Colleague: 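Take this structure, written in structure tokens, and hold onto it; I'll ask about it next.
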Amino acid sequence: MGYVDGGPLVDGLLALGHCIKSTIGVDNNTFIKLIERPPREEYGDFGFPLLRFTRDRGVEGVLEGLSNCLRGYSIDYVGLNVVKGFLNVRFDEVKLGGILVKLLSSGWAPGMARVGGGEVKTIVVEHTSANPVHPLHMGHARNASLGDTLARMLKARGHRVVRRFYINDMGRQVAVLALGFKVLGLSPEEVALRLKAKIDHAVGWVYALTHTTIDLILARRGVVEESVESLASTIARLRERDVELADRLIEGVMKLEDPEAELSRIMSRYEAGLEPERSIVRGVAESTIRGFKETLDIMGVEFDYWDWESDIVWSGLLSRTLDELRRSTYIVKHKDALALDVARIAREVVEPSRELSQAIRLPRGFEIPPMILVRSDGTTLYWTRDIAYSIYKFENSKADMVVNVIAGEQRLPQLQIRLALLALGKVREAVNMIHYDYEMVRLPGRVMRGRRGEYVSLDEVLEDAEARALQEVLKRNPGLGVEEARAIARKIAVGAIRFSLVQPGALKPIVFDVEKVLNFEENTGPYLQYTYARAHNILEKHGPIDFSLVDPRAYSDSLRRALLIQTLTYPLVAAKAADELRPEDLASYLLKLADTFNRWYQRDSVIHEPDIGAREAKAVLVKLVKDVLSSGLEILGVPVLERM
RNA sequence: GGGCCCGUAGCUCAGCCAGGAUAGAGCGCCGGCCUCCUAAGCCGGCGGUCGGGGGUUCAAAUCCCCCCGGGCCCGCCA
């Protein structure tokens, strides 16, 4: 991977990387992967585990070879030594500062290092893709925050990125919703007006009430396991919202001869594209999505395409894909249904190749029943349509890679889709379809259930967080106008929420605690915003920097030196985080940088520095911190603030 | 029954893929710091059998095996 425009420190490391390759044969990617900050400052700025590669060779000889090689690259600001088997790298901060100042005066600013020209890929990031039957909740917020951040990272890395939202409008869930509105005889807009609710919240209420009422009917017949009492109490809770409207809906659903048959009818007529189901179903889904867009807009999340599952069917893509699948030798009849023998694909195609096993992420002893593609009644299943959609994502965007941000509970279906792609001979697609899996957000003690109306909506959390932030902003800025304070508060709220969802590794389960997100002293998103505001403020007061006056000798002070090295490492850290799809690495880097800056801030004033050369040198550090925070926060979707 | 994810300080987590340098942060708790660039900050302190056991290795939080705890998945649901 290339690291274009990484600045002087990254260039120094890359030169060292080349030298390591020519002297001990470690390739550049391995070098970049293994180089790390040493545990103790006195070892150096970076460490590389040399011992692992030079077992039988003299370490001194290697050191000498490397130094000679570096001179060949005319890099004179990198010092090397070996301690306990580690190659330690120490930059000469004065020389580095001198080079930096020249770069800065020609307009350079630290940002993520970009890939080389030939490495630019087209990458589709599909994320959020919430079912359009209730408002976005905190689970979707995690998905959206991760997905949007991944998209921003890959774009900053220099790739072409296409962001897609997949609208699942063909399932039972949307049919339940459509049935609810049909029974009510009202549009989503009318219900929203009456409930004085945001449209997707109104939809969510109708959905939960309809779904639970249907389940109650089924439970009485013994078809649904949940107890009649618990369903009845859910209904009673939902009913509170608007007793009259609720009763109309409940009674209407109860009167249906056979709600299950009614749902099937809606689903099959919609799949066939028949009216009036086509308009009704699309209509309710579109209403919900309008609500999604309002919320996502506040969160700073945008999409390039909104893909309708139904369009995959209606356009004929699904049947073309099915025709191809039918020709596959892995097709089997499972009773009257058409199925794909995925276990056999795994055994015959994947297992023999170690490389493919890894890329496909095949579990050991993979053995599961055939994957039904077409039901005996001729209708298709969700994952059948998803196979077609997967192909669509590659073809429509001419994508090299597709990243699907989907919860970990879908690992098996995602694997099955990769296997189906292999059955179609689409090896490149199967290998380059990445399931970016994350663990779900849970409520303390239980999961969120949209069909019971049990969730913490993102809108509520945003609202609470904003109100909490507003109090604080007004307290700290007594003269501030309410409008301006509100705008700041909203950005703090968004920053707090997005950061808290992206900072922990995606595989860590998050138990959602409203208090945690609202407590800004425990939350690190606002901490970064605050740090940025401080840096901004200093530069405001300092005025334009005169680079010609900078005295790089000022960087020998240990905290200043640390800041110089840390900020100049950003281009590489950010690029690695993007390549590895690890936003959390970027987040923890930014926190460390903010810590160093705040520690320095406390004891080494910039604008009160009497020596002009030192003052300009310090102002440069502030500018570096500000530029890095601005780049990093932008990628994390945490809004930057000039005051708070 | 099988598979996958997680288990590190009171709490939330980083480090594990690519084994090596005294296991790191934050919060909480205790004690300090605002006539000085925003105290959403800073300084100091307390706090760890890395879930348990075995193995591989000169070296294991990291690799392998077994076990325990939490979660998820194995549907002609989405």
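Given the structure is predicted, the values throughout are model-derived calculations rather than measurements. A note on names: the letters A, B, ... follow the listed sequences, proteins ahead of strands, and every chain is numbered from 1.
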Colleague: When all nucleic acid strands are considered with a 4.0 Å heavy-atom cut-off, which category describes Asn477(A): base, sugar-phosphate, or nothing?
Modeller: nothing
Colleague: If pairs are Watson-Crick or G-U with both distances under 3.5 Å, what is the dot-bracket string of RNA chain B, marking crossing pairs with [ ] and pairs to another strand with |?
Modeller: (((((((..((((......[...)))).(((((.......))))).....(((((..]....))))))))))))....
Colleague: Does a side-chain N-to-carboxylate-O contact under 4.0 Å join Arg452(A) and Glu226(A)?
Modeller: yes
Colleague: Just wondering, are more than 12 heavy atoms of other shown residues or ligands nearer than 6.0 Å to NZ in Lys576(A)?
Modeller: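 Above 12, so yes.
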Colleague: Check whether any side-chain nitrogen or oxygen of Arg534(A) sits under 4.0 Å from OP1 or OP2 of A39(B), and answer yes or no.
Modeller: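 It does, given that an N or O in the side chain of Arg534(A) lies less than 4.0 Å from OP1 or OP2 of A39(B).
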Colleague: Salt bridge or not between Asp464(A) and Arg468(A)? Use side-chain N to carboxylate O under 4.0 Å.
Modeller: no
Colleague: Look at the side-chain N and O atoms of Asn537(A) and state whether any lies under 4.0 Å from the OP1 or OP2 oxygen of C37(B).
Modeller: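 False: Asn537(A) side-chain N/O out of range (4.0 Å or more) of C37(B) OP1/OP2.
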Colleague: Output one line per pair: protein atom, nucleotide atom from nucleotides 67-74 of chain B, and distance, for all N/O pairs under 3.5 Å.
Modeller:
| unit_1 | atom_1 | unit_2 | atom_2 | d |
| --- | --- | --- | --- | --- |
| G71(B) | O3' | Arg442(A) | NH1 | 3.4 |

Colleague: Would you compute the distance between atom OG1 of Thr149(A) and atom CD of Glu584(A) and round it to the nearest 0.5 angstrom?
Modeller: 10.5 Å
Colleague: Taking OP1 and OP2 of A25(B), is either one under 4.0 Å from a side-chain nitrogen or oxygen of Tyr589(A)?
Modeller: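 Checking A25(B) against Tyr589(A), no side-chain N or O comes under 4.0 Å of OP1 or OP2.
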Colleague: Below 4.0 angstrom from OP1 or OP2 of A78(B), is there any side-chain N or O of Arg385(A)?
Modeller: yes
Colleague: Is the distance from OP1 or OP2 of C65(B) to the nearest side-chain N or O of Arg364(A) less than 4.0 Å?
Modeller: yes
Colleague: Using a cut-off of 6.0 Å, state whether more than 12 heavy atoms not belonging to Glu355(A) lie near its atom CD.
Modeller: no
Colleague: Can you check whether Lys33(A) has a side-chain N or O nearer than 4.0 Å to OP1 or OP2 of C17(B)?
Modeller: no
Colleague: Taking only heavy atoms on the protein side, list every residue of residues 595-608 of chain A lying under 4.0 Å from any atom of RNA chain B, sorted numerically.
Modeller: Asn598(A), Arg599(A), Tyr601(A), Gln602(A), Arg603(A), Asp604(A), Ser605(A), Val606(A), Ile607(A), His608(A)
Colleague: State whether Arg582(A) places a side-chain N or O below 4.0 Å from either non-bridging phosphate oxygen (OP1 or OP2) of G15(B).
Modeller: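 The answer is yes; a side-chain N or O of Arg582(A) sits under 4.0 Å from OP1 or OP2.
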Colleague: Looking at residues at least two apart in the chain, or sitting in another chain, which of them share a side chain to side chain contact (heavy atoms under 4.5 Å, CB included) with Arg172(A)?
Modeller: Val176(A), His211(A), Ile214(A), Asp215(A), Glu260(A), Leu263(A), Met267(A)
Colleague: With sequence neighbours excluded, tell me which residues meet side chain to side chain contact (heavy atoms under 4.5 Å, CB included) with Tyr601(A).
Modeller: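 So Tyr601(A) forms a side chain to side chain contact (heavy atoms under 4.5 Å, CB included) with Arg534(A), Ile538(A), Phe597(A).
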Colleague: Holding to side chain to side chain contact (heavy atoms under 4.5 Å, CB included), I want the full list of residues that pass it with Leu474(A), two or more places apart in sequence or in another chain.
Modeller: Leu470(A), Ala485(A)
Colleague: Any Lys/Arg nitrogen of Asp604(A) or Arg560(A) sitting under 4.0 Å from an Asp/Glu carboxylate oxygen of the other?
Modeller: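 Yes, charged N to carboxylate O under 4.0 Å.
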Colleague: In terms of relative ring orientation, are Tyr455(A) and His134(A) parallel, tilted or perpendicular, with 30° and 60° separating the classes?
Modeller: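 Tyr455(A) vs His134(A) ring planes: tilted.
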Colleague: Please state the P separation for the pair C30(B) and C46(B) - nearest whole angstrom.
Modeller: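 Nearest-Å result for C30(B) against C46(B) at atom P: 16 Å.
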Colleague: For A14(B), does either OP1 or OP2 sit under 4.0 Å from a side-chain N or O belonging to Lys508(A)?
Modeller: yes
Colleague: With nearest nucleotide decided by heavy atoms, which residue, Glu580(A) or Gln173(A), maps closer to the 5′ end of RNA chain B?
Modeller: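 Result of the comparison: Glu580(A).
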Colleague: Can you tell me how far CD1 of Ile24(A) sits from CG of Leu87(A), rounded to the nearest 0.5 angstrom?
Modeller: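 Rounded to the nearest 0.5 Å, the CG-CD1 separation comes to 8.0 Å.
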